[in-house]
Student: 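Dropping the structure in here first, questions after.
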Amino acid sequence: QVQLVESGGGLVQAGGPLRLSCAASGRTFRINAMGWFRQAPGKEREFVEAISWYGDTTYYTDSVKGRFTISRDNPKNTVYLQMNSLKPEDTAVYYCAAKSYGTSWYERDGYDYWGQGTQVTVSS
């Protein structure tokens, strides 16, 4: 099993930055990639950004292009999501997730392990 713990959520004004962290523990050798999803009230959980556990492959959704950056620190088994120029529509619960080899990068079903989520609220 892999355990994921997110931190760093909170309340921020529109245009401001926020950085989320996700620490992985357990059988991390199973991880092929880490991703961030978000879920706003009344909406489906959606893909935000993902990064390979080794190498430099990243994927992101168009709505965060140029504003959000995913990175990782392998010795710390931690993935970060740096969010800049935040908008009220970025308000959601953000979830960290880990996937194994051979599954989808963009789909929720492609990820095997999930964190508990952290609330991000952007005020206008």
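Sequential numbering from 1 along the given sequence is applied to the chain's residues. Computed from a predicted model, the values in this text were never measured in an experiment.
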Student: R67 and side chain to side chain contact (heavy atoms under 4.5 Å, CB included): which partner among K87, Q82, M83?
Tutor: K87
Student: Does some side-chain heavy atom of Y60 sit less than 4.5 Å from a side-chain heavy atom of I70?
Tutor: no
Student: Determine whether L4 and M34 make a side-chain contact, defined as any pair of heavy atoms from C-beta on separated by less than 4.5 Å.
Tutor: yes
Student: Distance from T61 atom OG1 to F37 atom CZ, nearest 0.5 Å?
Tutor: 10.0 Å
Student: With side-chain contact (heavy atoms from CB on, under 4.5 Å) as the criterion, how do Q119 and T121 come out once you've worked through the C-alpha distance, each side chain's angles and the decisive distance to 0.1 Å?
Tutor: CA-CA 6 Å; Q119 177 70 45; T121 303; 3.3 Å; yes
Student: Check for a donor-acceptor pair, side chain of N74 on one end and backbone N or O of W53 on the other, with a separation under 3.5 Å.
Tutor: yes
Student: Quick check against the 3.5 Å criterion: does T118 have a side-chain atom that pairs as donor or acceptor with the backbone of Y94?
Tutor: no
Student: Minimum heavy-atom separation for A14 and S124, please, with both atom names.
Tutor: CB-CA, 4.3 Å
Student: With the side chain counted from C-beta on, respond yes when S52 and R72 share a heavy-atom pair under 4.5 Å apart, and no when they do not.
Tutor: yes
Student: Are V93 and Y113 connected into the same hydrophobic cluster when the rule is that any two of I, L, V, M, F, W, Y join if their side-chain heavy atoms are below 4.5 Å apart?
Tutor: no
Student: Is the shortest side-chain heavy-atom distance between E6 and Q116 below 4.5 Å?
Tutor: yes
Student: Check whether any side-chain heavy atom of L86 lies under 4.5 Å from a side-chain heavy atom of F68, and answer yes or no.
Tutor: yes
Student: Do Y111 and Y80 share a hydrophobic cluster (ILVMFWY, side-chain heavy atoms under 4.5 Å, transitive)?
Tutor: no
Student: Calculate, to the nearest 0.5 Å, the distance between atoms OG and CZ belonging to S100 and R27 respectively.
Tutor: 12.0 Å
Student: With a 4.5 Å heavy-atom cut-off, do V120 and R38 have their side chains touching?
Tutor: no
Student: Are the side chains of C96 and W114 in contact, using a 4.5 Å heavy-atom criterion?
Tutor: no
Student: Check for me, please, whether L20 and Y95 land in the same ILVMFWY cluster - side-chain distances under 4.5 Å, paths through other members count.
Tutor: no
Student: With rounding to the nearest 0.5 angstrom, report the CD to CD distance, E44 to Q39.
Tutor: 7.0 Å
Student: Kindly check if the number of other-residue, nucleotide or ligand heavy atoms within 6.0 Å of CD (E46) is above 12?
Tutor: yes
Student: Answer yes if the ring centres of Y59 and F47 are under 6.0 angstrom apart, and no otherwise.
Tutor: no
Student: Regarding R30 and D112, does a basic nitrogen lie under 4.0 Å from an acidic carboxylate oxygen?
Tutor: no
Student: Could you see if Y54 belongs to whatever hydrophobic cluster contains I51? Use Ile, Leu, Val, Met, Phe, Trp, Tyr and a side-chain cutoff under 4.5 Å.
Tutor: yes
Student: Evaluate the side-chain proximity of N32 to W105: yes if any heavy-atom separation is below 4.5 Å, no if none is.
Tutor: yes
Student: Side-chain heavy atoms under 4.5 angstrom apart, residues restricted to Ile, Leu, Val, Met, Phe, Trp, Tyr: same cluster for I31 and L81?
Tutor: yes
